[in-house]
Amino acid sequence: MSEVKFFYGGNVPLEMHKVRIVQKLNLVPIERRLEAINEAGNNTFLLKNSDIFLDMLTDSGVNAMSDKQLAAMMEADDSYAGSATFTKLENKIKEIFGMEYFLPAHQGRACENIISQAYVKPGDIIPMNYHFTTTKAHITLNGGLVEEIIIDEGLNPTSDYPFKGNMDVEKLKGLISKHGAEKIAYVRLETGTNLIGGQPHSLENMQEIRKVCDEFGLMLVLDASLLADNLYFIKTREEKCKDMSIREITRAMADLSDIIYFSARKLGCARGGGICIRDKDIYMKLRELITLYEGFLTYGGMSVREIEAITVGLDETMDENMINQGPQFIAYMCEKLQESGVPIITPPGGLGCHLNAMEFVDHIPQSQYPAGALASALYIVSGVRGMERGTISEQRDENGNEHFANMELLRLAMPRRVFTLSQVNYAVDRIKWLYENRKLIGGITFVEEPKVLRFFFGKLTAVSDWQTKLAAKFRADFGDSL
Ligand SMILES: *Cc1c(COP(=O)(O)O)cnc(C)c1O
């Protein structure tokens with residue numbers, strides 16, 4: 001779609017696929033949405049799918065599969081050991097990443113469990129551009145300490161810097177000289193950094209990190225869950241890579257890594273995960289843990305059907321016309337919102353569009369969870385489900401004090417190839433309306449607060465009757481419209 005120009009102008013993302021299976025959606029009236037969000041304790045994780053119109057919670061396990069993936073699933077070879085289906089995936093990994101060994105795992109966090117158990121000792125430091133929730137949890141569980149060394153630009157909400165996911169190489173050297181290389185378990189680079197808005201790193205940055213790793217004998221571990229988007233950004237934003245194919249860029253990244261692990265709920269548009277390894281000793285060390293926690297080495301907790309789907313999905317990831325759909329839809333959505341001054345994270349990244357709640361509802365103090373309140377308000381006025389990525393997603397400290405997040409974001413994920421442009425336009429319309437009426441949005445407060453992972457199960461309530469007033473304003477402006 002990147003090659004198609006429109007005669008009458010405009011930047012319209014053009015899909016290079018057609019839709020052949022559809023699922024009916026419900027858009028329930030605002031009165032029901034008001035009820036539903038309160039039944040869910042203002043926590044979008046607790047909403048029921050039957051009350052949701054556009055599900056923009058996550059891209060995990062909900063990307064559209066291709067006809068070829070579905071066809072491959074039908075011929076999966078189901079056997080406990082020695083499955084031909086597994087051999088296909090193993091060969092595809094060798095072909096794409098050039099890595100000799102592959103270990104299957106049931107999803108991304110399972111890979112993190114295995115790698116952390118094998119390499120993280122109490123007191124170890126694990127430098128990374130930025131953490132992901134499950135990554136940090138597994139490292140901490142094994143007594144390790146996460147050190148985030150994203151470049152300063154990475155935490156600047158509005159920027160036109162193309163690679164906000166880059167690691168600060170000087171800070172990496174600083175950590176090594178402060179703690180000594182023997183205290184560093186490994187260096188972790190997360191491609192398409194999830195929690196700071198799906199922002200990419202450059203290939204050049206990865207080459208610089210590799211140099212430091214070589215100098216100090218450190219292992220470089222790549223979390224490639226969001227690789228597809230990052231590949232697209234390297235191809236389109238990194239001058240030196242513009243003539244490289246997606247396959248060549250992938251191979252260049254793999255050649256710089258010792259271990260690549262991924263969640264196949266994202267990469268390859270299927271479900272599952274795995275660890276790609278270059279070195280035999282590392283493979284032998286991780287292998288035992290796979291059989292202990294995941295399953296035998298030729299399935300690792302996955303169904304063989306999913307393994308078939310991953311193999312085809314990885315191959316399709318090497319096609320620019322397949323992987324550009326997500327980032328281009330996100331860029332379109334961000335552009336439309338910016339035209340009306342809606343505060344979003346820029347430049348647009350992968351994964352989704354991120355509303356900056358700190359600005360959107362700057363009258364709500366962080367103690368009343370601006371991003372959570374915005375998630376609740378947007379659901380009420382649109383039936384669109386987003387995910388709070390702010391203070392509710394953090395944990396209280398050991399004294400029970402709130403730990404305020406660096407950013408208060410409402411993430412509107414764009415599952416790949418799932419929504420149409422008119423659905424994106426609908427979401428944009430309702431967000432713009434909400435922005436004009438933002439002063440009607442109020443805070444929320446916990447009524448049930450679990451100690452662990454409170455963002456999954458916690459229940460909150462509005463601090464005033466602002467939700468009823470917001471719904472009344474919606475009715476006044478939209479009449480009988482859903
Ligand atoms: C989703 C994700 C994970 C965890 O993968 P799961 O399959 O959900 O367990 C790890 N790292 C990144 C960057 C992710 O986006």
Side-chain angles (χ1 to χ4, degrees), residues 45 56-63 103-117 120 126-142 144 146 148 150 154 164-167 186-201 206 220-233 253 257 259-276 289-290 293-295 300-303 306-307 309-310 313-314 317 323 326-327 330 349-352 354 387 389 393 409 411-416 453 455-456:
F45 276 101
M56 297 185 154
L57 186 76
T58 174
D59 64 332
S60 177
V62 288
N63 299 299
L103 289 170
H106 78 277
Q107 62 185 98
R109 69 199 67 182
C111 307
E112 291 168 338
N113 172 38
I114 304 291
I115 296 169
S116 308
Q117 283 209 36
V120 177
I126 296 85
M128 56 186 69
N129 48 347
Y130 209 72
H131 80 279
F132 183 69
T133 48
T134 55
T135 324
K136 190 170 180 173
H138 280 295
I139 289 173
T140 315
L141 203 62
N142 286 285
V146 166
E148 290 170 330
I150 188 94
K164 280 165 70 174
N166 278 355
M167 184 181 283
Y186 52 85
V187 178
R188 172 179 175 275
L189 183 67
E190 182 178 310
T191 203
T193 43
N194 192 322
L195 297 189
I196 61 156
Q199 297 293 330
H201 64 77
M206 207 175 163
L220 180 56
V221 176
L222 184 72
D223 178 346
S225 304
L226 301 179
L227 177 67
D229 297 336
N230 207 122
L231 285 169
Y232 169 78
F233 291 123
M253 288 172 73
S257 314
I259 293 180
I260 298 178
Y261 74 89
F262 59 90
S263 165
R265 298 179 65 82
K266 292 127 188 195
L267 182 65
C269 300
R271 285 152 205 86
I275 310 174
C276 319
L289 295 169
I290 292 286
Y293 290 98
E294 299 300 306
M302 287 186 276
S303 103
E306 294 297 346
I307 299 179
I310 297 171
L314 284 177
T317 302
I323 58 174
I330 292 161
L351 190 56
H354 295 71
M387 187 192 288
R389 281 292 162 190
S393 300
L409 305 181
R411 181 179 89 182
L412 301 170
M414 193 76 75
R416 296 164 188 89
L453 298 176
F455 64 94
F456 276 141

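Order of appearance sets the numbers: ligands from 1, and atoms from 1 within every ligand.
- When the options His131, His106, Arg109 are ranked by their closest heavy atom to atom 9 (O) of ligand 1, first place goes to Arg109.
- In the model, Ser60 has a side-chain atom that pairs as donor or acceptor with a side-chain atom of Arg265 under 3.5 Å.
- Judged by distance alone, the side chains of Glu190 and Asn194 never bring a donor and an acceptor atom under 3.5 Å apart.
- For the residue pair Glu112/Thr135, the side-chain donor-acceptor check at 3.5 Å is satisfied.
- Residue contact check: Asn194 has heavy atoms under 4.0 Å from atoms 14 (C), 15 (O) of ligand 1.
- With a 4.0 Å cut-off on non-hydrogen atoms, Arg265 touches ligand 1 through its side chain and not its backbone.
- When only non-hydrogen protein atoms are considered, atom 7 (O) of ligand 1 lies nearest to Ser263 OG, 2.6 Å.
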**Q.** Gln199 vs Tyr130, side chain to side chain donor-acceptor pair (under 3.5 Å): CA-CA, chis, key distance, verdict
**A.** CA-CA 10 Å; Gln199 297 293 330; Tyr130 209 72; over 6 Å; no
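- Atoms of ligand 1 found under 4.0 Å from any heavy atom of Phe132 (numbered from 1 in listed order, with element): 1 (C), 2 (C), 3 (C), 4 (C), 10 (C), 11 (N), 12 (C), 14 (C).
- Below 3.5 Å of separation, one finds no N or O of Tyr261 facing any N or O of ligand 1.
- A side-chain N or O of Tyr261 and one of Asp223 form a donor-acceptor pair less than 3.5 Å apart.
- Scanning all heavy atoms of the two residues, the minimum distance from Leu222 to Ser257 falls at CB-OG, 3.8 Å.
- Checking only distances, Thr135 never comes within under 3.5 Å of ligand 1, N or O to N or O.
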Q. How far apart are the C-alpha atoms of Leu226 and Asp59, what are their side-chain angles, what is the distance that settles it, and do they pass the side chain to side chain contact (heavy atoms under 4.5 Å, CB included) test?
A. CA-CA 10 Å; Leu226 301 179; Asp59 64 332; 3.7 Å; yes
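- Applying the 4.0 Å criterion to heavy atoms of Glu190 picks out, from ligand 1, the atoms 13 (C).
- For ligand 1, one of its N or O atoms has an N or O atom of Asp223 under 3.5 Å away.
- Residue contact check: Glu112 has heavy atoms under 4.0 Å from atoms 10 (C), 11 (N) of ligand 1.
- Below 4.0 Å from some heavy atom of Thr134 lie the following atoms of ligand 1, by number and element: 4 (C).
- The distance criterion of under 3.5 Å between nitrogen or oxygen atoms is met by Gln107 with respect to ligand 1.
- Looking at atom 2 (C) of ligand 1, its nearest protein heavy atom turns out to be Lys266 NZ, 2.5 Å.
- Comment: Arg416 engages Asp229 in a salt bridge, judged by a side-chain N to carboxylate O separation of less than 4.0 angstrom.
- In terms of polar-atom proximity, defined here as any N/O pair under 3.5 Å, Gly108 does make such a contact with ligand 1.
- Looking at His201 and Thr193, their side chains never bring a donor and an acceptor atom within 3.5 Å of each other.
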